[in-house]
Amino acid sequence: MAEYPFHDIEAKWQRAWEERKTFRTPGTVRRDQPKFFVLDMFPYPSGVGLHVGHPLGYIATDILARYKRMTGHAVLHPMGFDAFGLPAEQFAVEHGVHPRITTEANIANMLRQLKSIGLSYDWDRVLATTDVEYYRWTQWIFLQLYHSWYDPEADSARPIAELEAKLASQRADWAHLGEKERESILAEYRLAYLAEVPVNWCPALGTVLANEEVTNEGRSERGNHPVFRRPMKQWMLRITAYADRLEKDLAIVDWPEAIKLMQRNWIGRSEGASVRFPVVGSDERIEVFTTRPDTLFGATYMVLAPEHPLVDRVTTPDCAAAVAAYRDEAARRSDVDRQADSKAKTGVFTGGYATNPATGADIPIWIADYVLMGYGTGAIMAVPAQDERDWEFAEVFGLPIVRTVRPPDGFEGKAYTGDGPAMNSGFLDGLHVADAKRTMTEWLVREGHGRGTVTYKLRDWLFSRQRYWGEPFPVLHAADGRIRTVPESQLPVELPPMDDFSPAASDDPDAPPSPPLRRAPDDWRLVEIDGETWERELNTMPQWAGSCWYYLRFIDPRNSDRFVDPDLERYWMGPKGVDLYVGGVEHAVLHLLYARFWHKVLHDLGHLSTPEPFGRLFNQGYIQAFAYRDERGIAVDAEKVVDQHGNPAYEVQDRPDSAYFFEGRPVTQEYGKMGKSLKNAVSPDEINERYGCDTLRLYEMYMGPLEASKPWNTRDIIGVNRFIRRVWRVFTTEESGLRVADVDVPDDLMRSLHRTIRRVTDDMDRMSFNTAIAALIEFLSELVPLDVVPRTVAEPFVLLLAPLAPHLAEELWERLGHAQSLAYAPWPVAEARWLRRLTVPVAVQVNGKLRATIDVDPEAPEEDVLAAAKAHENVARFLENGTLRKAIYVRGRIANFVVS
RNA sequence: GCCUCGGUGGCGGAAUGGUAGACGCACACGACUCAAAAUCGUGUGUCCGCAAGGACGUGUGGGUUCGAGUCCCACCCGAGGUACCA
């Protein structure tokens with residue numbers, strides 16, 4: 001018997017699908033046909049290609065796409081490349097090769113790898129964010145942001161022209177203002193605006209980074225270089241205007257709770273009150289935000305962030321020197337340093353005082369870097385008795401502490417942050433926290449000292465990067481600082497040709513930023529309009545920009561008039577957005593939040609039909625693998641590691657008593673995410689070569705639940721490979737090519753078949769592909785002893801197999817006499833008459849312990865089943881020892897006798 | 001510290017509150033073979049027992065229930081997120 005010739009058959013079908021464009025999604029839609037838009041998070045086209053961890057999600061979505069085609073859905077299943085970004089640019093800087101060249105070569109290699117797994121994408125829709133015709137529309141979306149403002153009354157973005165009209169009618173002075181003055185007012189409202197803001201400046205990379213791109217240690221996420229805070233004029237996107245809706249609309253999407261929670265935490269909504277403290281001897285008032293207005297009576301001092309604009313006003317001459325020194329130091333310190341000694345509180349007294357509106361007492365004003373300018377108002381009322389940070393600070397500097405919430409008896413801690421009755425708090429005394437908050441907020445409003453407010457942790461999105469390989473901004477600058485945008489009709493603004501792509505990297509945190517585009521040829525950089533020379537914006541957009549809307553472009557990728565056709569958009573996005581979006585958790589906050597923000601803006605402006613982009617989100621787990629390090633702690637090639645008996649490590653790595661060696665030297669075993677750095681990556685090309693891609697697909701799905709992280713174990717692949725080869729042996733013979741015949745099917749086999757259809761269908765619907773495969777393996781073992789496979793059984797089996805192992809299934813389908821691909825063949829339906837079983841095993845328990853199993857008719861009445869159960873010898877034995885108190889029968893499942 | 005998700009045989013894992021360990025790997029034995037591979041079959045949680053059968057068993061300790069891997073409470077361990085956010 002010849003082995004399954006997987007090389008030939010897989011190549012044959014991949015060629016056939018490609019030539020016939022089997023998986024092309026038509027550009028026109030039938031409104032009455034149900035649709036399924038299934039999307040993978042598109043990859044960065046890396047130079048090293050894929051390892052077996054990457055396609056895990058792609059295989060899962062492919063199975064689903066194939067399944068949905070067979071159940072009559074119009075399926076949109078596209079793939080593309082998030083191709084702007086640092087690695088190609090870094091390579092360009094080092095080797096002088098234009099990033100477009102490396103990017104295109106990498107894309108070609110990854111397309112080859114993706115096609116060799118038999119993925120059923122519509123290859124006519126492939127796009128890259130670096131395509132000029134794609135980033136033209138990224139720039140167009142930026143213009144939409146720039147020309148819009150957020151109207152809090154309508155709770156929606158609106159064209160900036162409407163705001164201008166409104167201001168012109170409301171403000172008497174509007175007509176007399178110059179262009180610059182008007183623009184600086186409008187900039188306060190635009191969704192995209194230039195602002196001098198403290199940014200995360202990374203001199204080593206020569207660029208600024210978004211907060212999200214800076215690690216907790218104050219280093220760059222890419223490259224781990226130190227990051228410094230410094231003010232810089234940069235493009236910002238007003239995502240904070242959408243904080244409330246981004247938070248609220250999490251309720252309408254079907255996403256994993258963990259991801260929703262991460263987004264909620266990132267948005268960081270908190271309710272409280274803002275309170276104004278009059279500064280003693282001045283008209284100034286310090287506004288603070290607090291979540292605990294009920295503790296106002298316990299506010300014994302105030303703290304301003306060192307950058308707070310009122311610091312100079314409240315500082316007295318005798319304290320000026322110390323304050324200036326502290327501010328200087330805070331400004332110069334990188335986030336690394338701040339983090340390092342975050343334990344000890346530091347600060348200085350300004351000499352100024354403010355009046356606590358509740359107690360009437362004058363309390364000292366301090367500055368300290370534990371108060372952050374970027375959150376709330378950059379100032380706090382310090383309530384040491386009910387706040388651990390304030391308590392610590394008060395202890396260090398000997399400031400007064402007054403408890404205003406009574407801690408429970410026996411409380412021995414310092415600050416008490418729990419619930420309890422108010423004390424030392426005048427009209428609040430006795431009230432518990434919730435009531436006290438409400439009462440105090442009402443009092444603040446009545447007395448004109450403050451009001452209830454909501455604050456968010458979310459900051460505006462820093463949108464400029466000092467890089468070459470990104471989307472240019474469609475913006476021009478005049479010498480005097482005026483700004484104008486490039487008209488839509490003149491998009492795209494293409495990247496200029498250059499041979500030196502390096503930013504001005506430096507070790508000096510104070511060196512001025514110098515983006516590569518500063519060296520662009522004058523005929524690109526300078527634009528003359530009506531005799532006036534304008535300079536193009538020299539920053540580019542961050543990598544997140546292109547991935548913010550690619551799912552929309554997939555719907556209509558070649559449209560040259562619009563970013564997406566509205567009718568197609570309504571069909572594919574309706575009613576709840578992308579039907580299934582699969583990718584890694586690493587994008588839980590950044591990508592998903594940014595994309596939702598852009599989507600909402602475009603929705604508000606009338607360009608999109610749905611409030612949310614991704615109706616259902618699914619996170620696949622990581623593929624992990626054992627890795628080995630030598631005595632120096634250096635990772636060694638995991639494939640070459642052996643145990644004490646010389647067996648390859650991958651065959652014995654899960655045994656407890658193994659010792660491991662690399663080239664004769666002992667190594668230690670660890671377990672981690674598959675990748676280059678641990679030298680434990682396995683390439684899909686290897687597996688394809690040795691077992692074929694149907695085996696690779698099945699193994700990746702059979703490893704366990706899609707959402708779980710699980711270990712790759714090359715040894716286990718043989719299991720699903722045996723299944724593939726067994727299917728081949730059972731269905732084919734060498735002579736006639738097919739071992740299938742039109743013969744009668746025994747009822748038992750029909751019942752098995754339909755139970756299998758039921759199981760596989762259910763498992764497809766809940767993406768439980770590992771159990772679907774198990775069901776097929778079980779059913780196949782029933783076919784093994786047969787001389788021929790009845791056609792009635794063979795055809796549905798091949799169809800059930802098709803989404804999982806499409807090459808083998810197509811080949812068998814063709815041999816079964818079908819001229820057409822099975823890609824659109826109807827999915828088998830489980831028939832009720834074959835699902836009904838004649839007898840079922842019922843477990844019989846006595847006092848909850850299994851004593852026997854009896855076969856009964858599932859329709860049999862309870863009395864009969866219980867009688868039969870009691871009659872069983874081993875049950876009777878246990879019933880003798882006591883009195884029967886209770887008998888329970890769950891139809892077709894279990895009987896339980898309670899005896900005492 | 002806080003939040004989230006996990007913890008089931010030698011390994012990956014299965015199990016609407018109803019027979020724990022489906023299916024696969026590994027291992028053992030048998031068939032085929034001169035032999036090996038491949039293939040086919042049988043067995044395989046631990047302990048006692050020739051067997052029938054019994055006891056124990058889903059991180060630990062409690063609870064709810066006729067019945068708990070599954071629900072509740074406390075704790076231990078692991079992975080991920082987050083961190084002076086007022």
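Lettering of chains follows the sequences in order, A, B, ..., and the numbering in each one begins at 1.
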Does any nucleotide pair with [N] by Watson-Crick or G-U wobble geometry, both distances under 3.5 Å, and what is it?
{"N": "B/rG57", "value": "none"}
{"N": "B/rA79", "value": "B/rU4"}
{"N": "B/rC40", "value": "B/rG30"}
{"N": "B/rC50", "value": "none"}

When you measure from the side chain of [X], which nucleotide among [options] comes out closest?
{"X": "A/Arg726", "options": "B/rG13, B/rC40, B/rA83", "result": "B/rC40"}
{"X": "A/Leu261", "options": "B/rC3, B/rG10, B/rG67", "result": "B/rC3"}
{"X": "A/Arg877", "options": "B/rA86, B/rG54, B/rG18", "result": "B/rG54"}
{"X": "A/Ile777", "options": "B/rC66, B/rC23, B/rG12", "result": "B/rC23"}
{"X": "A/Asn874", "options": "B/rG53, B/rC40, B/rU19", "result": "B/rG53"}
{"X": "A/Ile888", "options": "B/rC25, B/rA86, B/rG18", "result": "B/rG18"}
{"X": "A/Arg893", "options": "B/rU16, B/rU39, B/rA55", "result": "B/rU16"}
{"X": "A/Gln845", "options": "B/rC25, B/rC23, B/rG18", "result": "B/rG18"}
{"X": "A/Lys849", "options": "B/rA86, B/rA55, B/rG12", "result": "B/rA55"}
{"X": "A/Glu3", "options": "B/rC40, B/rA38, B/rA83", "result": "B/rA38"}

With rounding to whole Å, what would you report as the distance between B/rC5 and B/rG57 at their C1' atoms?
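Approximately 25 Å lies between the C1' atom of B/rC5 and that of B/rG57.
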Span that lies between the C1' atom of B/rG21 and that of B/rG12, in whole angstrom:
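Straight-line distance between the two C1' atoms is 13 Å.
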Which is true for [X] with a 4.0 Å heavy-atom rule: it touches a base, it touches only sugar-phosphate, or it touches nothing?
{"X": "A/Val898", "result": "sugar-phosphate"}
{"X": "A/Asn770", "result": "sugar-phosphate"}
{"X": "A/Ile773", "result": "nothing"}
{"X": "A/Asn265", "result": "nothing"}
{"X": "A/Phe878", "result": "sugar-phosphate"}
{"X": "A/Pro785", "result": "nothing"}

Between [X] and [N], is there a contact of a side-chain N or O with OP1 or OP2 at under 4.0 Å?
{"X": "A/Arg759", "N": "B/rA22", "value": "no"}
{"X": "A/Lys710", "N": "B/rG12", "value": "no"}
{"X": "A/Arg725", "N": "B/rU39", "value": "yes"}
{"X": "A/Arg885", "N": "B/rG67", "value": "no"}
{"X": "A/Ser270", "N": "B/rA86", "value": "yes"}
{"X": "A/Tyr702", "N": "B/rG24", "value": "no"}
{"X": "A/Arg851", "N": "B/rG54", "value": "yes"}

Would you confirm whether A/Tyr699, through its side chain, and A/Asn713, through its main-chain N or O, come within 3.5 Å as a donor-acceptor pair?
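Confirmed, A/Tyr699 side chain pairs with A/Asn713 backbone.
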Step through the shown structure and confirm whether more than 12 heavy atoms of other residues, nucleotides or ligands are within 6.0 Å of CD on A/Glu388.
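No - once you tally the heavy atoms of other residues, nucleotides and ligands closer than 6.0 Å, there are 12 at most.
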Do A/Glu271 and A/Arg269 sit within salt-bridge range, that is, some charged N less than 4.0 Å from a carboxylate O?
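Salt bridge between A/Glu271 and A/Arg269, a charged N being under 4.0 Å from a carboxylate O: yes.
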Step through it carefully: locate the ring centre of A/Phe797, locate the ring centre of A/Phe731, and say whether they are under 6.0 Å apart.
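Yes, ring centres under 6.0 Å apart.
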Does any part of the side chain of A/Phe397, heavy atoms only, come nearer than 4.5 Å to the side chain of A/Tyr301, both counted from C-beta?
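No. Closest side-chain heavy atoms not under 4.5 Å.
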Does the side chain of A/Tyr889 come within less than 4.5 Å of A/Val856's, by heavy atoms?
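Of all side-chain heavy-atom pairs linking A/Tyr889 with A/Val856, at least one is under 4.5 Å.
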Could A/Lys345 and A/Phe393 be counted as a cation-pi pair, given that NZ or CZ must be under 6.0 Å from the ring centre and within 45° of the axis?
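No, cation not above the ring by the 6.0 Å, 45° rule.
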